[in-house]
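See below for the structure under consideration.
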Amino acid sequence: MARPPAPGSVIVPDWHESPEGKEYLACILRKNRRRVFAPSLPRGLLERPVLPPPLAIDTASYKIFVSGKSGVGKTALVAKLAGLEVPVVHHETTGIQTTVVFWPAKLQTSDRVVMFRFEFWDCGETALKKFDHMLPACKEKTDAFLFLFSFTDRASFEDLPGQLARITGEAPGVVRMVVGSKFDQYMHTDVPERDLTAFRQAWELPLLRVKSVPGRRLADGRTLDGRAGLADIAHVLNGLVEQLWHQDQVAAGLLPNTPDNTPS
């Protein structure tokens with residue numbers, strides 16, 4: 001697998017906060033609420049955001065498998081990325097759950113805007129162990145793996161090298177990223193900064209942090225504020241865009257393949 005690109009080298013950083021970026025983001029919002037997109041419609045049609053003709057852009061689609069121990073916040077992370085309510089009480093996902101998230105980004109080299117379609121696959125740990133077909137289904141044609149750990153669960157962090165080693169052997173060309181959940185509880189963390197630094201040096205992988213606090217609300221006090229929610233998770237979606245687009249450019253021979261030095 002190619003060495004991950006430097007942050008901000010593939011897409012324009014914070015473009016989503018610019019007037020142009022907000023114009024494109026309007027297609028995934030409705031009255032400041034996030035729009036929900038179904039994975040598929042009858043006859044295999046795909047639901048997608050509607051842009052006015054002057055803003056029409058290409059769409060790049062990717063499948064992402066979210067991996068991690070039970071209780072680390074996989075379902076909560078996907079809900080945040082999609083602008084959905086985060087479950088207050090943990091219930092393990094009973095089967096495979098797929099969620100579609102659209103995200104526009106502007107490329108650095110060409111100034112071209114591309115709409116990225118992410119289909120997140122999440123499956124409960126018990127279901128993966130009980131049904132042999134579920135893990136192969138989740139891994140099949142996957143473009144990226146998101147490995148989650150919780151800052152409040154030391155064991156979930158220590159489980160990462162084993163997960164990464166297995167995936168490196170089975171799918172060497174797939175993008176890998178690590179996300180630490182419940183970062184807002186960092187004062188009670190079981191994973192100190194020195195361990196995160198050592199992990200990054202050993203694996204040379206992007207490591208992002210997300211909070212588990214409930215999303216901000218609109219004036220009615222009930223509805224999630226879609227635009228504010230986008231600001232909270234933009235760094236994760238932008239990180240995925242950079243890794244996946246860079247990997248595609250390397251695979252197409254448009255960029256040199258600089259091997260990473262992750263442990264084997």
Exercise. Side-chain contact test, heavy atoms from C-beta onward, threshold under 4.5 Å: evaluate it for Asp225 versus Arg217 and give yes or no.
Key: no
Practice problem: Flag the pair Arg48 / Val50 as yes when at least one side-chain heavy-atom distance between them is below 4.5 Å, and no otherwise. | Solution: no
Practice problem: Check Ile11 against Ala105 and note the closest heavy-atom contact, atom names and distance. | Solution: CG2-CB, 4.1 Å
Quiz item: With side chains defined as the heavy atoms from C-beta onward, is the minimum distance between Phe120 and Leu146 less than 4.5 Å?
Solution: yes
Self-check item: Those residues that, when tested against Trp121, pass ring pair (Phe, Tyr, Trp, His ring centres under 6.0 Å) (two or more places apart)
Solution: none
Quiz item: Between the main-chain N or O of Gly180 and the side-chain N or O of Arg209, is there a donor-acceptor pair closer than 3.5 Å?
Solution: no
Self-check item: Residue from Arg34, Lys211, Lys80, Arg216 passing salt bridge (charged side-chain N to carboxylate O under 4.0 Å, His left out) with Asp232
Solution: Arg216
Self-check item: Check: Tyr24 and Lys22 side chains under 4.5 Å, non-hydrogen atoms
Solution: no
Quiz item: So which pairs with a foot in residues 152-180 pass ring pair (Phe, Tyr, Trp, His ring centres under 6.0 Å), sequence neighbours left out?
Solution: Phe149-Phe157, Phe157-Phe199
Practice problem: For the pair Glu85 and Arg33, find out whether any cationic side-chain nitrogen is under 4.0 Å from an anionic carboxylate oxygen. | Solution: no
Quiz item: Any sub-3.5 Å donor-acceptor pair from Thr142's side-chain atoms to Ala144's backbone N or O?
Solution: no
Practice problem: Decide, yes or no, whether a salt bridge links Arg117 with Glu119 under the criterion of side-chain N to carboxylate O below 4.0 Å. | Solution: yes
Quiz item: With a 3.5 Å cut-off and no angle check, do the side chains of Trp103 and Asn238 form a donor-acceptor pair?
Solution: yes
Exercise. For the pair Asp122 and Ile96, evaluate side chain to side chain contact (heavy atoms under 4.5 Å, CB included) and give the outcome as yes or no after the intermediate values.
Key: CA-CA 6 Å; Asp122 170 26; Ile96 296 174; over 6 Å; no
Practice problem: Taking all non-hydrogen atoms of both residues into account, name the closest pair between Met115 and Pro49 and its distance. | Solution: CE-CG, 4.3 Å
Self-check item: Atom pair CZ/OG of Arg176 and Ser67 - distance to nearest 0.5 Å
Solution: 12.5 Å
Quiz item: Are any non-hydrogen side-chain atoms of Lys182 and Asp153 less than 4.5 angstrom apart?
Solution: no
Self-check item: Which residues share a salt bridge (Lys or Arg N to Asp or Glu O under 4.0 Å) with Arg227, sequence neighbours left out
Solution: none
Quiz item: Where do Ser156 and Ser150 come nearest, in terms of heavy atoms and distance?
Solution: OG-N, 2.9 Å
Quiz item: Does the salt bridge (Lys or Arg N to Asp or Glu O under 4.0 Å) test come out yes or no for Arg154 and Glu158, once each step is laid out?
Solution: CA-CA 6 Å; Arg154 176 75 189 182; Glu158 293 177 344; 3.0 Å; yes
Exercise. Give the intermediate values and the outcome of salt bridge (Lys or Arg N to Asp or Glu O under 4.0 Å) for residues Glu140 and Lys63.
Key: CA-CA 9 Å; Glu140 184 181 15; Lys63 176 183 174 181; 5.6 Å; no
Quiz item: Counting only N and O atoms by type, is there a donor-acceptor contact under 3.5 Å from the side chain of Ser9 to the main-chain atoms of Pro5?
Solution: no
Self-check item: Spacing of Trp245 atom CH2 and Thr109 atom OG1 [to the nearest 0.5 Å]
Solution: 8.5 Å
Quiz item: Looking only at atom types and distance, does a side-chain atom of Gln97 sit under 3.5 Å from a main-chain N or O of Thr75, one as donor and one as acceptor?
Solution: no
Quiz item: Looking only at heavy atoms, what is the nearest atom pair of Val178 and Leu205, with distance?
Solution: CG2-CD1, 4.4 Å
Practice problem: Please lay out, stage by stage, how His235 and Val210 fare under the test side chain to side chain contact (heavy atoms under 4.5 Å, CB included). | Solution: CA-CA 9 Å; His235 67 294; Val210 294; 4.0 Å; yes
Exercise. Applying side chain to side chain contact (heavy atoms under 4.5 Å, CB included), run through Trp203 and Leu164 and close with a yes or a no.
Key: CA-CA 9 Å; Trp203 288 93; Leu164 287 162; 3.7 Å; yes
Quiz item: Can the ring centroids of Phe102 and Phe116 be said to lie less than 6.0 angstrom from one another?
Solution: no
Quiz item: Are Phe118 and Val100 side-chain neighbours, meaning at least one heavy-atom pair lies under 4.5 Å?
Solution: no
Quiz item: Could you give the distance from CG (Leu77) to OG (Ser181), rounded to the nearest 0.5 Å?
Solution: 8.0 Å
Quiz item: Is Ile233 reachable from Leu218 through a run of hydrophobic residues whose side-chain heavy atoms are each under 4.5 Å from the next?
Solution: no
Exercise. Of all the heavy-atom pairs spanning Leu208 and Met177, show the shortest one and how long it is.
Key: CD1-CE, 3.4 Å
Quiz item: Leu237, Leu224: one ILVMFWY side-chain cluster at the under-4.5 Å cut-off?
Solution: no
Quiz item: Do any N or O atoms from the side chain of Asp14 and from the backbone of Glu17 form a donor-acceptor pair under 3.5 angstrom?
Solution: no
Quiz item: Can you name the side chain to side chain contact (heavy atoms under 4.5 Å, CB included) partners of Asp159, sequence neighbours left out?
Solution: Lys69, Gln163
Self-check item: Smallest separation among heavy atoms of Leu29 and Gly226, with atom names
Solution: CD2-C, 3.8 Å
Exercise. Inspect the surroundings of CZ in Arg30 and state if more than 12 heavy atoms from other residues, nucleotides or ligands are less than 6.0 Å away.
Key: no
Practice problem: Determine yes or no for a side-chain-to-main-chain donor-acceptor pair under 3.5 angstrom, with Ser18 supplying the side chain and Trp15 the backbone. | Solution: yes
Practice problem: Mind checking the CG-CD spacing from Leu254 to Gln249? Nearest 0.5 Å is all I need. | Solution: 5.0 Å
Quiz item: Does the side chain of Ile28 reach to within under 4.5 Å of the side chain of Leu230, using non-hydrogen atoms?
Solution: yes
Exercise. Give the ring-plane orientation class for Phe65 versus Phe145, where under 30° counts as parallel, over 60° as perpendicular and anything between as tilted.
Key: perpendicular
Quiz prompt | All side chain to side chain donor-acceptor pair (under 3.5 Å) counterparts of Glu23, not counting sequence neighbours | solution = none
Self-check item: Stepwise side chain to side chain contact (heavy atoms under 4.5 Å, CB included) test for Leu240 and Glu242
Solution: CA-CA 5 Å; Leu240 278 169; Glu242 292 213 301; over 6 Å; no
Practice problem: State which residues pass side chain to side chain contact (heavy atoms under 4.5 Å, CB included) with Ala82; sequence neighbours excluded, sorted by chain then number. | Solution: Leu84, Thr99, Val101
Self-check item: Side chain proximity check, Val174 to Asp143, heavy atoms < 4.5 angstrom
Solution: no
Exercise. Please say whether more than 12 non-hydrogen atoms of neighbouring residues, nucleotides or ligands are located less than 6.0 Å from CG in Asp58.
Key: no
